[in-house]
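Predicted model, so just to flag it, every value in this text is computed and none were measured. Just so we're on the same page: letters track the sequence lines, and every chain starts at 1.
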Amino acid sequence: MSNERTEQLNAVMARVASGDESSFAELYDKVAGPVFGTVLKVIRSRELAEEVTHDVFLEVWQKARAWNPDRGSAAAFILTMARARAIDRVRSEESRKARDERVGRAAFERPDDHVEREVIAGMDVLHARTLLSRLSEIQREVVELSFFGGFTQAAISERLGIPVGTVKSRMHSALRAMRGAEEVT
Amino acid sequence: MSVHELVVEYVLGELVPDQRAEFERHLDRCSRCTAEVAVMGEAMVDGAFAGAVAPPEQLRTRVLESVADAGQVATLGRRARRTTWVTAVAAAIVLIVAGSMFLARPTDVDRIVASADGVTVVASATAAYAGDGVVEVVYLPATGEAVLTAESLAPAPDGQTYQAWVIGDGPPQPAGLFAGGADRIVILLEHPLQPGEAVGVTLEPAGGSPAPTGDVLFLGA
């Protein structure tokens with residue numbers, strides 16, 4: 001499932017990187033949902049999320065030639081950028097401390113129910129369940145908060161009342177487990 | 001915290017921009033972290049696809065319009081790092097003004113690196129190089145003028161010098177000598193660099209060589 005998706009996206013990205021503008025629409029159609037979902041979860045404002053998503057795609061186009069397949073798939077290049085830009089945006093609007101408080105509170109207060117409903121409605125439940133089935137309970141918790149809740153690790157630490165280092169090690173092992181990789185100790 | 005431990009933060013987009021740039025420099029020379037990033041990046045992608053949300057149709061229109069209006073950043077090497085370069089140049093100019101071994105005139109460095117047409121090439125460390133050094137070149141495709149920056153390079157051993165090479169279709173062309181041993185060294189390349197050509201760095205006997213004799217330590221194309 002995901003290998004085919006990866007290959008297709010890599011192929012489209014390679015055409016985009018060679019300056020083929022007509023392939024960009026195809027790239028957009030393949031990843032706009034995951035990009036918008038990622039950004040929306042972090043930012044929790046539809047308007048800002050649209051703006052950041054726009055900027056991310058523009059940056060993907062402008063920097064397409066910088067994509068290095070040795071370092072990850074086209075999807076990873078784009079989605080890492082999307083998460084980073086969304087988090088940058090939240091940070092640029094608040095001090096680091098205030099941001100962690102706000103992002104940390106978001107799960108309790110549900111500031112934007114509409115966004116929340118949309119995020120849940122957009123979930124590929126079967127896909128999500130398959131992913132999470134490979135994880136232990138404590139791994140699942142951090143992955144859900146990160147991917148489906150849009151929380152940073154610092155915010156997860158605050159929310160769960162556990163040290164950041166613990167969140168990080170759980171996240172690390174969870175990400176490896178999701179890809180079926182052996183944990184390196 | 002060891003830089004190796006930043007893989008998860010990097011993949012999850014949680015590093016601040018400076019840390020991110022630094023970690024990407026680290027990735028250029030750490031195959032273990034690169035492999036980790038690839039694995040974890042795919043896990044993150046799986047999560048993002050599972051949590052996709054369809055954006056509004058008008059966003060698609062806006063994005064495609066913007067893309068039609070915008071050019072692409074040309075990169076011969078792996079990626080463009082213009083912002084890093086701007087800070088690098090500020091520091092470089094201070095060093096040049098202060099220093100002896102720096103061959104480049106600040107005006108040339110400034111003009112080339114600040115040019116909107118400048119292309120950045122990251123010369124990646126090869127298996128023959130074990131240190132932490134980073135070598136980058138920025139050049140103007142129109143004129144071939146190029147500036148090489150070497151950062152965190154150990155001093156060249158006694159009786160030896162680092163030498164830059166421009167590698168095109170023919171034999172490698174000598175493009176300048178530098179000593180290492182400072183935080184950041186900047187030279188103007190003495191041979192023009194054109195798109196499609198590579199830049200290499202070797203260690204050579206003092207005074208340089210007409211053709212490379214040492215192992216290629218850095219290579220970017």
Quick one: closest heavy-atom pair of [X] and [Y], and the distance?
X      : Y      : value
F24(A) : V63(B) : CE2-CG1, 3.8 Å
P55(B) : A32(A) : CG-CB, 3.8 Å
R60(B) : A25(A) : NH2-CB, 3.7 Å

Find out whether [X] and [Y] are in side-chain contact, i.e. whether some heavy atom of one side chain is under 4.5 Å from a heavy atom of the other.
X       : Y       : result
E42(B)  : M178(A) : no
M171(A) : M40(B)  : no
R5(A)   : D46(B)  : yes
L12(B)  : F147(A) : yes
L58(A)  : V67(B)  : yes
L79(A)  : F49(B)  : yes

* Does a side-chain N-to-carboxylate-O contact under 4.0 Å join D28(B) and R71(A)? ->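 A salt bridge links D28(B) with R71(A).
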
* **More than 12 heavy atoms from other groups under 6.0 Å of CD on E47(A)** =>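 Incorrect, the count does not exceed 12.
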
* Asked: Is there a side chain to side chain contact (heavy atoms under 4.5 Å, CB included) between H54(A) and E65(B) once you walk through the steps?
  -> CA-CA 10 Å; H54(A) 169 272; E65(B) 279 172 4; over 6 Å; no

Could you state the interatomic distance from [atom1] ([X]) to [atom2] ([Y]), rounded to the nearest 0.5 Å?
X      : Y       : atom1 : atom2 : answer
Y28(A) : T61(B)  : OH    : OG1   : 8.0 Å
S66(B) : Q62(A)  : OG    : CD    : 9.5 Å
M44(B) : R83(A)  : CE    : CZ    : 7.5 Å
N68(A) : S124(B) : CG    : OG    : 8.0 Å

* To do: Could you check R20(B) against D88(A) for side chain to side chain contact (heavy atoms under 4.5 Å, CB included), going step by step and ending with a plain yes or no?
  => CA-CA 11 Å; R20(B) 199 173 293 148; D88(A) 286 348; 3.1 Å; yes

* Specify which of A68(B), P17(B), P56(B) makes the most heavy-atom pairs with chain A at under 4.5 Å. =>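 Max contact count across the listed options: P56(B).
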
Quick check on [X] against chain B: is it the side chain, the backbone, both or neither that has a heavy atom closer than 4.5 Å?
X       : result
A82(A)  : neither
L27(A)  : neither
D29(A)  : side chain
V35(A)  : neither
S146(A) : side chain

* To do: Please answer whether the main-chain N or O of L59(B) pairs with a side-chain N or O of E50(A) as donor and acceptor at a distance below 3.5 Å.
  =>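 No.
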
* Quick check: does any side chain N or O of K168(A) sit under 3.5 Å from a backbone N or O of L6(B), one acting as donor and the other as acceptor? -> no

* **Residue selection (most heavy-atom pairs with chain B, distance under 4.5 Å) from A76(A), A86(A), A17(A), A49(A)** =>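 The candidate making the most pairs under 4.5 Å is A76(A).
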
